[in-house]
Amino acid sequence: MFLQPVFRFAPSPNGYLHLGHAYSALLNQKRAHESGGRFLLRIEDIDLDRARPEYEQAIYEDLEWLGVSWETPVRRQSEHIADYSDALHKLEEMKLLFSCDCTRAALAKFAADGKNWPRDPDDSPLYSGLCHTKMNSLALAIEQKSGFALRLRMSHALKRIEERLCWREDSIGLIVAEPARWGDVTLSRKHTPASYHIAVVVDDALQGVTDVVRGCDLYEATSLHRLLQTLLGLPEPNYHHHELIYDSLGAKLSKSQKSISLRALRKEGMSAQALKKHLGF
Ligand code: GLU
């Protein structure tokens, strides 16, 4: 029986799309087309502090200009807050969460005081464990009625995993996941009811995504995603982490670095066809 593959492009509406996004969207569309699969667009608007409607509108315009078309309706994270909260409740039932009121400054200070303090793959200091023994209210933190963050108790989570955690990386094969490198990772905080990590695994499962094609800046995060999928009993997609597109200065393209947006290129007179050719499509 043919299991129809499901691909998705999942931009966050907190800036304009740039070349790297164009590459990712085009590659997802191409793979969906070649495999007879479906192609979804998911707006990752869970970061309530940074998501803006004008950026979401710009995503649609830029993708249309590029000739990318997606299945309707568009999926949106903000419509699934209750699903993320259910997943957090599940983890709480397994006694894998604790709430944490450490400020960023306190965490940074702790790390600065310790010589060679370990860091996670995003280069943030690993959590010190300061709140492990505090009696903060978990229930309140899950319902977002407190300013507390919710963290995964990594050592307990790992004890629940019976088999070696791996993922299947396209054209490479099985990769051993190393979630411990993320430490007691934050799964929700005050203005973000669910972290990217929890939202992405819940969404991919809800939307039946079989193939995750995204930039290799998220390669390390896949270890954590495999852990969360296993704890929550969610299916395991195939992964393909593609190269990042570099601008002429060689810097990694990202919105925070104010790299050239698709709309700026368009304004300068670049055609969608020329851009696609430049990206190898
Ligand atoms: N929303 C993420 C981004 O814009 C992509 C997440 C993913 O593809 O898993 O970088």
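Numbering of ligands and ligand atoms starts at 1, following listing order.
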Atoms of ligand 1 close to [X] [distance to a heavy atom under 4.0 angstrom, numbered from 1]:
{"X": "Tyr196", "result": "6 (C), 7 (C), 9 (O)"}
{"X": "Glu44", "result": "1 (N), 2 (C), 5 (C), 6 (C)"}
{"X": "Val200", "result": "9 (O)"}

Exercise. Among Arg266, Gln57, His18, which residue meets the side chain to side chain donor-acceptor pair (under 3.5 Å) test with Asp62?
Worked result: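 That would be Arg266; it is the only one of Arg266, Gln57, His18 passing the side chain to side chain donor-acceptor pair (under 3.5 Å) with Asp62.
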For this session: With sequence neighbours left out, write down each residue that passes salt bridge (Lys or Arg N to Asp or Glu O under 4.0 Å) with Glu169, or none if nothing qualifies.
Result: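 Partners of Glu169 under the salt bridge (Lys or Arg N to Asp or Glu O under 4.0 Å) test: none.
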Exercise. Taking the six-membered ring for Trp, are His225 and His197 parallel (under 30°), tilted (30 to 60°) or perpendicular (over 60°)?
Worked result: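 Judged by the thresholds at 30° and 60°, the geometry between His225 and His197 is tilted.
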Problem set entry | N or O contact, His21 vs ligand 1, cut-off under 3.5 Å |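 In fact, backbone or side chain, His21 has no N or O that close.
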Exercise. Is the shortest N/O to N/O distance between Leu218 and ligand 1 below 3.5 Å?
Worked result: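 Among all N and O atoms of Leu218, none is under 3.5 Å from an N or O of ligand 1.
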Exercise. Of the non-hydrogen atoms in Trp167 and Ser223, which two are nearest, and what is the gap between them?
Worked result: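 Residues Trp167 and Ser223, closest heavy atoms: CZ3-OG, 3.6 Å.
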Exercise. Got a sec, which residues hit side-chain contact (heavy atoms from CB on, under 4.5 Å) with Leu48, two or more places apart in sequence or on another chain?
Worked result: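 Residues passing side-chain contact (heavy atoms from CB on, under 4.5 Å) with Leu48: Pro193.
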